[in-house]
Amino acid sequence: MHSGFLLLLWFVGVASVQFVPSAVLGLLVTACLFCALMLSRARVIRLLRRVRVLAIAIVVLFGWFTPGEALLAEWPGLSPTREGVAMALVHVGRLVIVVSAVALLLERLPLERLVGGLYSLARPWQVIGLNARDVALRLLLVLRLVDASPRGAAPIHWKEWLRDDAAEEALPPIQLVRERFGRGDVAVACVLVVFALGWGLT
């Protein structure tokens, strides 16, 4: 399947998480996290560690700054509210789903195909002056820098990439992968359009 089409489906799926009812959200979080741990354990754990400060900030902001009934009746001045904790859990759950989806995407879609798909999606925006090729190349360089350090080794500082060392090997050439839409892509797109139209008419 075309990488750009896969990314478009991924964007739609991630965006639709915002409309999932709270009653179903817990099951969806469990399913997504289980799949990510089974298929991309190291990557999802690393991403969850990187967003832990954001998750704590969400809990603090919603738990202690949302009006409502105190969760700890003995210390109402220091306690978070029940309504705030419930809202915080919903937003943290959605964050976990997005992180799991990102881990699965990065694990299953090679870097060149990922950037090539973004390049394909960004090309129509060239009519308003956006240079899709420059955006894709810069994104590819950033992703290469992120994944440059092998696992278990000390991370490479970005300033090391600015050194002009003639003894070092030249970096591999950057190539943007451009794919063609196949019959499967067209068939899936038609099915989704029909489903969306039917959903809108109900």
- Least distance between heavy atoms, Ser100 atom then Cys32 atom: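 Smallest heavy-atom distance, with atoms named: CB-O, 3.7 Å.
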Is there a continuous path of hydrophobic side-chain contacts, each under 4.5 Å between heavy atoms, that joins [X] to [Y]?
X: Trp75; Y: Val59; value: no
X: Val85; Y: Ile58; value: no
X: Val102; Y: Leu9; value: yes
X: Val14; Y: Leu47; value: yes
X: Leu28; Y: Phe34; value: no

- Message: Less than 4.5 Å apart, side chain to side chain, heavy atoms only: is that true for Glu69 and Thr81?
- Response: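 They are not in side-chain contact.
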- Query: Looking at side-chain heavy atoms only, is the closest gap between Arg49 and Arg46 below 4.5 Å?
  - Reply: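 No - every pair of side-chain heavy atoms lies 4.5 Å or more apart.
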First locate atom [atom1] of [X], then atom [atom2] of [Y], and finally report the distance between them rounded to the nearest 0.5 Å.
X: Arg50; Y: Ile45; atom1: CZ; atom2: CD1; value: 13.0 Å
X: His91; Y: Leu54; atom1: NE2; atom2: CG; value: 11.5 Å
X: Leu89; Y: Arg94; atom1: CG; atom2: CZ; value: 12.0 Å
X: Met38; Y: Leu104; atom1: CE; atom2: CG; value: 11.5 Å
X: Leu33; Y: Ile97; atom1: CG; atom2: CD1; value: 9.5 Å
X: Arg52; Y: Leu95; atom1: CZ; atom2: CG; value: 13.0 Å

Please answer whether the main-chain N or O of [Y] pairs with a side-chain N or O of [X] as donor and acceptor at a distance below 3.5 Å.
X: Thr66; Y: Gly63; answer: no
X: Ser40; Y: Glu107; answer: no
X: Trp10; Y: Ala101; answer: yes
X: Ser79; Y: Leu72; answer: yes
X: Trp64; Y: Leu78; answer: yes

